[in-house]
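Following: one structure in structure tokens, then a few remarks.
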Amino acid sequence: MPELPDAVVYERRVADGALNRTIAGTTVVDPLILGDGLEPHRLDEVLQGRTLTNTHRHGKHVFARYGHDTGWLAFHFGMTGRVQHVPNGEMPEYAYVQFHFENDGALAFECPRKFARVRLIDTPEAFVEAKDLGPDARRADVETFLEPFENRRGTIKGRLLDQSVVAGLGNIYADEALYQEGIHPRTTVPALSEDERRDLYEAVQAVLDAAVAVDADPEALDPDRFMLPHRYGDGRCPKTGVPLETETVSGRTAYYSPARQPPPE
DNA sequence: ACTGGCGCCTGTTTGC
DNA sequence: TGCAAACAGGCGCCAG
């Protein structure tokens, strides 16, 4: 369930559960999960006997460096991917890629829907460049964040979801940020004033910070302030009590409060 | 050059 | 209750 806050949690799990441990070997249950034509035997050859020495995150991607000046693992979680450290002999059902440590359990990369990918890359910087990812939504300052929105004409929801504009936001946290700012998801970028854009940046930061603070569990957000707990609950706007409505915007289901987010002309 | 729409996968929820 | 359809927190690719 992976947007930027989930990636923060997963990076932490990799750091806590996998750094500085020797990899005894890897198991690939479904090769579809390996990206860029990576073959299971090559993943194993590359990682066997090595240790992970560093982690990094950009948007929804998590990276783990192996060895020194050798290369990085890149994790992308699709819609149902996740990682967790598991004790010896307790492998979860959808752990399609497994990293086994000497005498210390394994890191399980799970993804029931098989949209997630594990890759071997040279560096995170080169990967971000090659994938044309925009600035990380949580590290970018306001100028860096807003620059890619210049000269865009589509809906604000569509642009927030576009990883080449800003990396890290997905369907639910984009909806939450727009809710906080009172902007209808179908509003176009040119229709937003400079002040509205800056306020939206602040809202994105506040939403991501709050999500990280509850370990990326949207239902654990303060139900008096955030829409997300109600998206999965009573379906009502927490600030006005009116029922939330849905609309397909840029191919995704957008939830919004009709009382706070008036539709564009 | 941009944008929105479709298909990839499969487990879970919804509706007749 | 049972089964089929719709849906889901993403993204690569395609056509307009």
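We name chains A, B, ... by the order of the sequence lines, and we start the count at 1 in each one.
- For the residue pair A:Asp44 / A:Thr26, a side-chain donor-acceptor distance below 3.5 Å is found, with atom types taken as modelled.
- For the pair A:Leu133 and A:Ala167, the tightest heavy-atom approach, listed with the atom from each and the gap, is CB-CB, 4.4 Å.
- Side-chain nitrogen and oxygen atoms of A:Tyr94 include none within less than 4.0 Å of the OP1 or OP2 phosphate oxygen of B:dT10.
- For C:dC11, one of the phosphate oxygens OP1 or OP2 lies less than 4.0 angstrom from a side-chain nitrogen or oxygen of A:His76.
- Rounded to whole Å, the distance from CE on A:Met79 to C1' on B:dG7 is 13 Å.
- Separating the CD1 atom of A:Ile33 from the C1' atom of C:dG10 is a distance of 13 Å, rounded to the nearest angstrom.
- A cation-pi contact, defined as under 6.0 Å to the ring centre and within 45° of the axis, links A:Arg260 to A:Tyr179.
- Nearer to the 5' terminus of DNA chain C, by closest-nucleotide assignment, is the contact made by A:Arg113 (compared with the other of A:Leu161 and A:Arg113).
- With B:dG4, B:dC2, C:dG10 as the candidates, the nucleotide lying closest to the side chain of A:Thr155 is B:dG4.
- Rounded to whole angstrom, the span from the CZ atom of A:Phe115 across to the C1' atom of C:dC11 amounts to 9 Å.
- Taking atom NZ of residue A:Lys60 and atom P of nucleotide C:dG12, one finds them 10 Å apart after rounding to whole Å.
- Nearest heavy atoms, A:Asp175 versus A:Arg231: OD2-NH1, 2.9 Å.
- Contact between A:Arg197 and A:Phe149 at its shortest, heavy atoms only, is NH1-O, 4.1 Å.
- When rounded to the nearest whole Å, the span between CG of A:Leu160 and P of C:dC11 equals 13 Å.
- With rounding to whole Å, A:Asp36 atom CG is found 15 Å from C:dC11 atom P.
- One interatomic measurement links the two molecules: CZ of A:Arg119 to P of C:dC11, which rounds to 11 Å at whole-angstrom precision.
- Across the P atoms, C:dG12 and B:dG11 are found 23 Å apart, a figure rounded to whole Å.
- A:Arg152 has no side-chain polar atom (N or O) that falls below the 4.0 Å cut-off from OP1 or OP2 of B:dC2.
- A:Gln163 has its CD atom 16 Å from the C1' atom of B:dC2, to the nearest Å.
- Across all strands, A:Tyr96 comes closer than 4.0 Å to no nucleic acid atom at all (heavy-atom distances).
- A:Lys157 comes within 4.0 angstrom of no nucleic acid atom, judged by non-hydrogen atoms across all strands.
- Residue contacts for A:Arg159: at a heavy-atom cut-off of 4.0 Å it reaches the sugar-phosphate backbone alone, with no base atom in range.
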- Message: Working note: A:Asp6 + A:Lys60, criterion salt bridge (Lys or Arg N to Asp or Glu O under 4.0 Å); need CA distance, chi angles, decisive distance, verdict.
- Response: CA-CA 8 Å; A:Asp6 308 87; A:Lys60 305 173 187 177; over 6 Å; no
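- Comparing the P positions of B:dC6 and C:dA6 gives an interatomic distance of 14 Å, to the nearest angstrom.
- Checking B:dC9, B:dC2, C:dG10 against every side-chain atom of A:Arg252, the shortest atom distance belongs to C:dG10.
- Pairing of B:dC2, defined by two Watson-Crick or G-U wobble distances under 3.5 Å, is identified with C:dG16.
- The side chain of A:Lys114 places no N or O atom within less than 4.0 Å of a non-bridging phosphate oxygen (OP1 or OP2) of B:dG11.
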